[in-house]
Each structure stands twice: as C-alpha cells, then as structure tokens.
Amino acid sequence: MSALIDTLTRRFDQGIVAAFGDEHAGTPPVLRRSNRADFQADVALGLGRKLGRPPREIAEALVAKLDLAGLVEKVEIAGPGFVNLTLTGEWLAREVASAAADPRLGVASEAPETVVIDYSSPNVAKEMHVGHIRSTLIGDALARVLEHVGHRVIRQNHLGDWGTPFGMLIEHVLDTSGGDATSLSIRDLDVFYREARAKFDGDPAFAERSRRRVVLLQGGDPKTLELWRLLVELSTTYFEHIYERLGVGLRRRDVCSESFYNPMLAKVTDDLRAAGLLEESDGAECVFAPGFTSKEGKPLPLIVRKTDGGFGYAATDLAGVRHRTATLGATRLLYVVGAPQQQHLAMVFAVAAKAGWLVPPARATHVAFGSILGPDKKMFKTREGGTVKLADLLDEAIARARAILEEKDPPHLDEAARREVARMIGIGALKYVDLSSDRVKDYVFDWNRMLAFDGNTAPYLQFAHARTRSILRKAGEAGVASGAVAVRTPEERALALALLGFGDAVAGVAESLQPHRLCTYLFDLATATTSFLENCPVLKAEDDAARASRLALSDVAGKVLARGLALLGIEAPEAM
Ligand code: ARG
C-alpha cells in the first residue's frame, strides 16, 4: 500500500500547488481506504477551513488540476468534499506483481535498533500462570515482527529464580527428600511450592529455618547453592519443553534471570547513593521518584534494599535496565508484563532515567496486557479452582482440534497429516485468540470460538491459506508467474488492495506494539482471499491469461497469509 499511497500523495501535492499555490505545498492529502471507492482523500475539508471556502468548491478546484492518468479510473466528489478514488486495474496489478516479486512481500526495513524484549519471565518452582502465558505469546510475536522489520532483537527471559521463597523451597526439599531433589518430578513443582508455603505460614520453626537458609543462599553456601541449582534446573527444563511445544523462540541462552543481576546490586545501590538519590525510610533504602504517590497522596518509595538488608525485585530491575542499555547496547527496552506491574515498572524507568541509565535515545516501554477470564468472566481457573497449566491447555487445544478435524474427515489427510494439522490448528488457535484481542483488555477464554472455522480465528486464516496451496498443487506450481497479474473482477480488486496493505500492517505493529492489528489485517485478507476463490474460477478460468493471473494472485495471497501468521508465531498447514 505504501508505494501506492506515496505515489498518490505526490500527485495530490502537485495538484494542490497547481490549484492553490506554492504556499500549500506539503499539505497531506489525508488518504484512507473507503467503502465507496478504493480510497478517499479528505484534504479539501481542512483546506476549506484554512482558506475560508466551502470544501466542495476546494475539492472541485483540486480535482480539476489533479493528474492521475493511468493510475485512477474514476474520481468522484462526495458528501461535504471527499475525493473518492477508484484505481485502475492496471496500476493495482502492477503493484501486486511487484510486491509478489519482493522477497519481503512489501514489508519495508526500518533503521535498525537494538531492542531488548523482556518476556515470559516465569518463576522457578512454580507453574506458569495466565500472565506468563500472555507474556510469552505477545512477547514472541513482537520479537518476530521487530526482527522482521530489521531490528536486532535480544530476547530476555527474566526468570524469577532468587529471593526469600527459595529459603522455604530448599528447606522443603531437605525435609521431604533428605536432600535428594533429583527425585522431584517437574509436574510436582507447583504442589511442592504450595506445600512449602503452607508450612512456612503455619510452622514458625520452619519459617525460621527458611530465613536462615536464605542467608546461606545469599552467602554462597555450597550445599545450599547446589540444591538451589537443582530447583532452577528442573524448572528451566520444564519451561524449555513448553516453549518448544509452543514454537516460541525462547532458548536457554535467552535466560537472564534475577540471580544474574545479584552481583551487580551492591554497585547499583552505591551509585544511587553517590548520585544523592537514595534515602532511608523505615530502615529500608529507597528512591522517591517524583510524581509517584500513594492513594493518600504520600510519596511512594521504590525499595532498593529492604529492612532485612536483602535486595528486592526493584533493585534487580534497576540493574536490568542498566545492563540492557550499557552492556547490551539496547536503545529500546520492552517489558511484556501484566498490567498490575504498571506502577512498579514506571517507577523503575523513572529512577533509571534519573540515575542516567536510561537516557535518550534509549527508552523503555511497558507492554502491558489484560487478563484471561473464564466463561464466568472471572480469572481463568481450572474447574477445581487451581492455576491453569499451560501444558494442559496445549493438550486440550490439540485434542479439540483433532476432534474437529475428525468430524470434517478430510479424505486427503492421512493419520500422520491429521496429527500434524491438529497440532498446528490447536496451538495456532490458542496463540491467535490471545494475539487478536486488544492487548490491554481482558478476554474471555472460549474453546468453541477460538477453534471455529469461521470468524477471526486461526483455523479460518489457516484454511484460507491451505485453499490457495491446494489450488497451486493442482495447477502445478511451475505455472505461476507473478508478472501475469490482472485485476478485473471486484473480488480480484478487493484481494489486490488487501495484499498491498501487508507492509503497513506489519509496520503498524512494530510501532504500536499491538499484534492484534496484524490479526485484523490477516482476517480481512483471508476474507478477501476466500471470496476471490469462491467467485473467480482459477483452474477453470475463462482463458489462459485469467488462469495465470488468478494462480499468481492465489500464490501471493497464500504467501502473505503464511508470512503474516509466521510473524505471529503460527504455523500454516499446506493442506487442511
Ligand atoms: N517473574 C515476574 C512475575 O512473575 C515477571 C518478571 C517481569 N520482568 C521484569 N523485568 N520485572 O511476576
């Protein structure tokens, strides 16, 4: 689209200068898609106000000077002064052919930056909860999109692997297994955590031992460290397995956990003190960042060092900002973390800025998201009221997708193919439902809706893609030449216009960090593709030229759908 828009913008600029004089050069034409025509330009409204003339008159004067020969076949003035434009089929066809020949399918590259994306970041010895699931999916899609537009993306899994809970966890290992944590199984960890917690809350002697154990851990006691490492290792292996099943690009090398920052915390504190930012408050060392107050209007402290002398979550995050800008050289820091941590992150960013660790061009953004709700519109829980385990969700999604596939009973898919396709649909649906809703809003988890073959769902998009692939298989792909595109029917026109919007859709996500914009785009593209395939015969087209053109359109539609889904981390089966 952008190449098209660029050309139209230039022609409008020339027209505006010719009609109203040089002083109006550079006035934006305010172009947008229209349902009356292909595009509409709203520039006459603003210009009319500026010149004190009726916008319709302005539109007429402008249109009289516009040179759109060969590009636009119909120009109409509508309403108060909208200029409606219907592009020529030839121009659309040329643009589609050039996007199809472009390995990037019309997506432009941006000036590269180093971007750190902090995402997933679950806690050791705990199941990933709904917040971690969302962070994992949204973060991964953003990493893919930003990488695709040319940035150097550094993924950071800020694993929660340090702090007071490890005292009780290690004590509980010692109590239950005589120090042999190797017998702990991964799926037990959540239960294990709850048991330890219950003991900690109910048994003062255990609580005291746990506190001593934290001191031992922080002091580097070898036996304690060994047990701690075992717990971390068990969890890391479990998380890795989940990421692999999900097809999420997080690996062990991306883990940069809380304990990693441990050796840096003393210096962080010293430097804050040297900068005159550190204050004592109730025995804790804190920074008061201006503008942050409690409900009662009292200044809120960001606690760097707690009363017991230990460093907390905030200290680690401050060290993290510094590491990411100073050592990793990032200028854009993204934190894909649930909305409840909004204030914490805002304070961390403010303090880091004051300390000089986050200065322009470097900037940090909290990529916040809402919750997943159950059918009862309350927090998503299992039927028993427990945390929903991601591994169980994956199993169920795939099983449900398989059942739907069995019902459809596609004759062209054998057992092995069905298993693969069910996996892609199930996982795709789970990811898509998360990515397609406005990120900051809550959404209701509904299996039937997310797995439906119509509507804004992964299976609908995957099916549209598979249809294009099926036609191309039948035609033999040698017959596809992208130069052959012709745009004649309304469905071909709608498809061409949709295809040309891919670059803008991807750029929009890179800028706004809202994956749902790409989903909406892909849904519109899938709708245009489906309607094209249903109304324009491809293999039985009226002549060879129409057949070649429609094969080329099917091909590029399939490619854009697959590329778009891939940017969301979703696979597209060749047949469904
Ligand atoms: N582990 C944290 C949690 O479960 C999330 C960490 C987010 N990242 C960060 N740098 N604070 O709530």
Side-chain angles (χ1 to χ4, degrees), residues 118 120-129 132 156-244 250-266 268 305-317 319-320 323 386-387 389-391:
D118 180 320
S120 194
S121 309
N123 300 315
V124 163
K126 268 185 165 174
E127 191 67 39
M128 280 194 205
H129 61 60
H132 300 123
Q156 296 271 276
N157 193 352
H158 191 85
L159 220 61
D161 69 344
W162 200 249
T164 42
F166 286 89
M168 73 180 196
L169 288 166
I170 292 167
E171 280 305 313
H172 193 44
V173 171
L174 288 167
D175 285 4
T176 49
S177 54
D180 178 23
T182 42
S183 61
L184 273 178
S185 102
I186 291 160
R187 294 228 63 173
D188 284 343
L189 275 175
D190 217 28
V191 176
F192 185 82
Y193 190 94
R194 265 180 278 138
E195 285 169 0
R197 180 87 236 173
K199 252 166 64 183
F200 186 86
D201 292 336
D203 175 352
F206 180 82
E208 188 42 43
R209 272 200 279 142
S210 301
R211 275 189 280 271
R212 275 204 303 273
R213 185 61 66 181
V214 176
V215 177
L216 283 173
L217 181 63
Q218 285 168 343
D221 170 60
K223 176 74 187 156
T224 306
L225 274 179
E226 190 192 317
L227 291 167
W228 169 75
R229 246 180 242 118
L230 211 57
L231 282 168
V232 174
E233 183 54 35
L234 270 174
S235 293
T236 308
T237 310
Y238 173 70
F239 296 142
E240 268 187 316
H241 177 68
I242 295 268
Y243 297 143
E244 207 163 71
L250 278 173
R251 298 287 169 270
R252 205 165 267 255
R253 59 162 190 271
D254 306 312
V255 172
C256 193
S257 50
E258 290 181 11
S259 63
F260 169 84
Y261 297 105
N262 217 23
M264 308 173 194
L265 302 182
V268 161
R305 189 177 216 152
K306 298 180 286 184
T307 25
D308 66 7
F311 296 105
Y313 189 53
T316 305
D317 265 329
H323 175 69
T387 324
K389 292 188 169 60
L390 189 46

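Computation of the quantities below employed the complete heavy-atom set of this structure, encompassing side-chain atoms and omitting hydrogens, waters and symmetry-equivalent molecules. Predicted, not measured: the structure shown is a model, and the values here were computed from it.
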| query | Quick one: are D317 and H158 in side-chain contact, heavy atoms under 4.5 Å? | reply | yes
* Y243-N157 side chain donor-acceptor pair, cut-off 3.5 Å -> yes
So do K199 and S210 actually touch side chain to side chain, heavy atoms under 4.5 Å? no
| Is T316 close to F311 at the side-chain level, that is, under 4.5 Å between some pair of heavy atoms? | no
In V232, L159, N262, the residue satisfying side-chain contact (heavy atoms from CB on, under 4.5 Å) with S257 is L159
Interatomic distance, NE2@H241 vs CG@L390, rounded to 0.5 Å, equals 10.5 Å
* Just by modelled atom types, is the W162 backbone N or O under 3.5 Å from a matching donor or acceptor in the W228 side chain? -> no
Could you walk me through whether R252 and E244 satisfy the salt bridge (charged side-chain N to carboxylate O under 4.0 Å, His left out) test, starting with their C-alpha distance in whole Å, then the side-chain angles of each, then the deciding distance to 0.1 Å, before giving a yes or no? CA-CA 11 Å; R252 205 165 267 255; E244 207 163 71; over 6 Å; no
Next item on the list: Using a 4.5 Å cut-off on heavy atoms from C-beta on, say whether the side chain of R213 contacts that of L169.
Entry: no
> Any luck finding a side-chain donor-acceptor pair between E258 and Y313 under 3.5 Å?
Replying inline: no
CG of D118 to CG of D254, rounded to nearest 0.5 Å, is 11.5 Å
Of all heavy-atom pairs linking Y261 and C256, the shortest is OH-SG, 3.6 Å
Query raised in the report: Does the side chain of R211 reach to within under 4.5 Å of the side chain of D308, using non-hydrogen atoms?
Result: no
**OP:** Please check if the side chain of S235 supplies one atom and the backbone of A125 the other of a donor-acceptor pair under 3.5 Å.
**Re:** yes
Taken to the nearest 0.5 Å, the spacing of E127 CD from F239 CZ works out to 7.5 Å
Practice task
Check the angle between the aromatic planes of H172 and F206 and answer parallel, tilted or perpendicular using the 30° and 60° thresholds.
Solution key: perpendicular
dist E226:CD -> I170:CD1 (nearest 0.5 Å) comes out at 10.5 Å
Would you indicate whether the side-chain heavy atoms of F166 and V214 approach each other to under 4.5 Å? no
Compare all side-chain heavy atoms of P165 with those of Y193 and state whether any distance is below 4.5 angstrom.
yes
Between L265 and A315 the two heavy atoms that sit nearest each other are CD2-O, 3.6 Å
Any sub-3.5 Å donor-acceptor pair from D161's side-chain atoms to V124's backbone N or O? no
Fill in: Side chain N123, main chain K126, donor-acceptor under 3.5 Å
no
One should read off an interatomic distance between Q156 CD and L250 CG, to the nearest 0.5 angstrom, of 10.0 Å
One should read off an interatomic distance between E208 CD and F200 CZ, to the nearest 0.5 angstrom, of 9.0 Å
4.5 Å side-chain heavy-atom contact, H132 and I242
no
